[in-house]
Amino acid sequence: MSGTARARRPLKQGYFTVPENPAEPPKLMGTVCKDCGEYFFPKRVVCAKCLSENTADAMLGPQGTLYSYTFVHFPLFGSTKVEHSTGYGVGQVDLPEGPRVQVPLAGKQEDFKVGMPLVAELDPIREDGDKDVVILRFAPVAGGAK
Amino acid sequence: MSILKNGREVAILGVGMHRFGLWPDSTNADMSRVAGLAALKDAGLSFKDVDAAYVGQIFAPVMAGVRVMKEFGLTGLPVQRLDNASATGSACLYEAVGSVASGRYDVAMVLGFDKMTGIVADSSANTDPANLEDAILPAAFFAMWATRRMHERGTKPEHLAKIAAKNWHNGGLNPMAQRQPDKPVPIEKVLSSRMVAWPMTTMMSCPIGDGAACAIVGPVELAKKLNPGRPIVKVVASALQSERYDRGHLFMGPVVGPGRMTVDTSAVCYEQAGLGPKDIDLVQVHDAFAIEELEYYELLGICGKGEAEACIDRGDFELGGRVPFSTDGGLIARGHPGGPTGLAQIWETTLQLRGEAGKRQVANARNGICHMMGGGSVCVMHILQKG
């Protein structure tokens, strides 16, 4: 991180937070059912488990556990970043609250291992004027990979 | 049990196909006319005899269903268009079978078609620069099935390559297949083909393509009259299910599954048919990627949990093996244009049960499963039985 952080905006609104402080990890914007307690990502109105409409917004993560992964050998769509031109990691990540999400992963094929701890981060994929357009991805927790 | 309580027994009266492949000079109407007229001829029927049509397409524009049907004539029949992703053709058959079983119609035509070549020419057609889900390709989704399986069961990329090589081989025996290799495909070639999403290579994945397929369904009594010397192919099970919620459900991305859908749908089908996995002689599945076929061996109950790898090594699912899978090449070699794919499975299974499958013929084939997954997702399954 350089001293003067550029302003950031999410690729799509309503899915993850973009904290003012670049050192602070993002959270996923989901839903909790106030009747049965089940959590969901992305947001929804009706509980998929008990069908209750008594639901509320809930912040999820930023921790996660890698359930499965792959490395895609195609450029990441919509990205102008050199790192993404030859491919990118993708994972199914279990959030501590329950939901499983599919998201890009930071790193190479050999960096990933089923069951490893991860943390969410924002990845700038291109520029839009004076702002960086960011997506949410998960990265191995520093020192957490075996 | 039967498909409908107090319903009529339903048969596949005829089948027809336009070979799957890359056909930039053929329109959806051209391919559909070939497949549809072939199916009518196979049934021994004229389009005048058709009471209703169920038309499946994924990529064709609005109105294409009813417009393509004009190729056969304008008789005023009801025409309905359906889309259920990869399971579109199978979903059309499900509706047609229900309508004949209920007595609403006697003869229903089920037509599936699609052209993917145009979509590839304009590769941005289906992606949105602002769509979060575009990072998750179908290949990546299924690759993660493979990674998880490798973690849990010690599966090797070689197992996936063996499935793909088998399906390429079967495609070589099918004149309607998109991929028809003229010599055996070695496992090493599958493994060394271009990596799409680790551990899945291009040769373990289905191609894009164009094509059409058609099935004519009607009551069993009519099948007996139309072709007295020919074995009757009965539809003894027909089921379609969407997902049930379980913890860990994936709500975003090109999701197919979870595996429980195949377990649940096949349980309904086995009960309708009064059959179990041990009675099944051949199976067509949604093998868009080789890992899927591996999982379906177990999810359909054809082998026990955790046994798939040993069965693959033994050759259980090859032609001449215990229960051949993807006898026509499957999605990997026969092809997967979209709308017609599920009906190509019906074409193959019908020929197999009649003993007309040539070099692909499964000896003494009596019961065949046709299983499709449609992204989103749905599972559609039929069991055909030689009557």
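Computed from a prediction, not measured in an experiment: that's the story for all the values here. Every chain is numbered from 1, with letters handed out A, B, ... down the list of sequences.
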Does [X] [atom1] have over 12 foreign heavy atoms under 6.0 Å away?
X      : atom1 : value
A:E110 : CD    : yes
A:K43  : NZ    : yes
A:K81  : NZ    : yes

Using the six-membered ring wherever Trp is involved, compare the ring planes of A:Y69 and B:W198 and label them parallel, tilted or perpendicular (cut-offs 30° and 60°). parallel
If I take atom [atom1] from residue [X] and atom [atom2] from residue [Y], how far apart are they, to the nearest 0.5 angstrom?
X      : Y      : atom1 : atom2 : result
A:T70  : B:W145 : OG1   : CH2   : 14.5 Å
A:K113 : B:T147 : NZ    : OG1   : 12.5 Å
A:H73  : B:T202 : NE2   : OG1   : 12.0 Å

[Y] and [X], any side-chain heavy atoms less than 4.5 Å apart:
X      : Y      : result
A:V72  : B:V196 : no
B:H249 : A:F40  : no
B:M195 : A:F71  : no
A:F41  : B:F251 : no

A:G98 backbone acceptor or donor facing B:R247 side chain under 3.5 Å: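 No.
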Return yes if some donor-acceptor pair links the side-chain N/O of A:Q102 with the main-chain N/O of B:M252 below 3.5 Å, else return no.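 Side chain of A:Q102 to backbone of B:M252: a pair is present.
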Select one option (side chain, backbone, both, neither) describing which atoms of A:V103 are under 4.5 Å from chain B's heavy atoms. backbone
Heavy-atom distances under 4.5 Å only: say whether A:Y15 touches chain B with side chain, backbone, both or neither. side chain
Can you see whether A:F74 has B:R194 sitting over its ring - NZ or CZ less than 6.0 Å from the centre and within 45° of the normal? yes
Mind running side-chain contact (heavy atoms from CB on, under 4.5 Å) on A:Y67 and B:M144 for me, showing each step along the way? CA-CA 9 Å; A:Y67 176 79; B:M144 289 189 280; over 6 Å; no
Under the criterion side-chain contact (heavy atoms from CB on, under 4.5 Å), I'd like the reasoning laid out for B:I136 against A:V90: C-alpha separation, chi angles, the key distance, then a yes or no. CA-CA 7 Å; B:I136 317 295; A:V90 172; 3.5 Å; yes
